[in-house]
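Worksheet: the structure to be examined is printed underneath.
Everything quoted here is computed from the prediction, not taken from an experiment.
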Amino acid sequence: MAAGWLRHLAGETVEVRSAGSEPRDQLNPVAVEAMQEVGIDITTAVPQLLRTETVQDSDVVITMGCGDACPIFPGKRYEDWALTDPAGQPIEVVRQVRDDIRTRIEKLAKELQTA
């Protein structure tokens, strides 16, 4: 959802990479539904395994509770967002997560565009 929001709000001004330390084999269908409700189609996204090179090549790394599984490189900007995991949650909870992510992404996008 975060990658979908950032692509939507920042467009081509930011290169977005999305990966997880333990990615599922498919997107959460409730997350897809919640994003479609706000006009964002994330159905073409494919869960990716977080690779060291991905982190190394990024300027900002947003984590969502990956702990020790995420590689750390000096000089990178890291933010760990404590969010409810939408997996297995009803749509009402996923909507709250979606909206929380949007608020965080809006702030991040402004910071990146002014940097």
Side-chain angles (χ1 to χ4, degrees):
M1 288 190 290
W5 274 122
L6 188 54
R7 285 186 184 101
H8 177 76
L9 295 169
E12 298 294 319
T13 64
V14 176
E15 180 181 347
V16 179
R17 298 179 183 117
S18 178
S21 57
E22 295 180 21
R24 307 277 193 239
D25 59 346
Q26 65 181 17
L27 296 178
N28 177 340
V30 182
V32 171
E33 178 184 349
M35 292 300 284
Q36 285 177 334
E37 290 177 352
V38 294
I40 299 174
D41 181 4
I42 61 171
T43 58
T44 60
V46 177
Q48 301 290 318
L49 178 64
L50 179 65
R51 302 200 182 283
T52 301
E53 298 80 21
T54 303
V55 175
Q56 197 168 18
D57 293 342
S58 298
D59 296 319
V60 179
V61 180
I62 306 298
T63 60
M64 297 177 194
C66 70
D68 292 340
C70 293
I72 303 292
F73 291 96
K76 299 284 179 198
R77 175 181 168 187
Y78 290 87
E79 290 186 25
D80 186 51
W81 293 353
L83 298 166
T84 300
D85 185 350
Q89 299 290 340
I91 188 71
E92 296 81 12
V93 172
V94 177
R95 286 180 184 129
Q96 291 172 353
V97 173
R98 174 200 67 200
D99 296 344
D100 185 6
I101 291 172
R102 180 185 181 140
T103 300
R104 294 168 190 251
I105 290 292
E106 287 173 336
K107 179 179 182 269
L108 177 65
K110 286 179 186 174
E111 292 171 0
L112 293 175
Q113 290 172 344
T114 59

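- Looking at every heavy atom in both residues, A3 comes nearest to V16 through CB-CG1, 3.6 Å.
- Nearest heavy atoms, V14 versus A10: CG2-CB, 3.8 Å.
- The closest side-chain heavy-atom distance from R77 to L108 is below 4.5 Å.
- To the nearest 0.5 Å, atoms CG (L6) and CD1 (I101) are separated by 11.5 Å.
- Atom CG of D59 and atom NZ of K76 lie 6.0 Å apart (nearest 0.5 Å).
- Its side chain within the 4.5 Å cluster rule, F73 clusters with L50, V55, V61, I72, Y78 among the Ile, Leu, Val, Met, Phe, Trp and Tyr residues.
- In this structure, CD in Q96 is found 11.0 Å from CD1 in I91, a value given to the nearest 0.5 Å.
- Considering CG of L83 and CE of M1, their distance stands at 8.0 Å, rounded to 0.5 Å.
- Contact between V94 and A34 at its shortest, heavy atoms only, is CG1-CB, 3.8 Å.
- Among residues at least two apart or in separate chains, side chain to side chain donor-acceptor pair (under 3.5 Å) pairs with a member in residues 20-42 are E37-R95, E37-R98, D41-T43.
- Other residues, nucleotides and ligands place more than 12 heavy atoms under 6.0 Å from the CZ atom of R17.
- Residue M35 comes nearest to G4 through the heavy atom pair CE-C, 4.3 Å, listed as atom of the first residue, atom of the second, then distance.
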Determine, step by step, whether T13 and Q113 satisfy the side chain to side chain contact (heavy atoms under 4.5 Å, CB included) criterion, reporting the C-alpha distance in whole Å, the side-chain angles of both residues, the deciding distance to 0.1 Å, and the verdict.
CA-CA 8 Å; T13 64; Q113 290 172 344; 3.3 Å; yes
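- Ion pair K107/E111 flagged as a salt bridge, since at least one NZ, NE, NH1 or NH2 atom sits closer than 4.0 Å to an Asp/Glu carboxylate oxygen.
- Interatomic distance, T84 OG1 to D100 CG, rounded to the nearest 0.5 Å: 8.0 Å.
- Nearest heavy atoms, Q48 versus S18: CB-O, 3.6 Å.
- Here OG1 of T44 is found 8.5 Å from CG of L27. Values are rounded to the nearest 0.5 Å.
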One pair to check against salt bridge (charged side-chain N to carboxylate O under 4.0 Å, His left out): R102 and E106. What are the steps and the verdict?
CA-CA 6 Å; R102 180 185 181 140; E106 287 173 336; 2.7 Å; yes
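- P71 and T52 make their closest contact through CG-CA, 3.9 Å (heavy atoms, listed as atom of the first residue, atom of the second, distance).
- Side-chain contact between V38 and W5: present, with at least one pair of heavy atoms (C-beta onward) separated by less than 4.5 Å.
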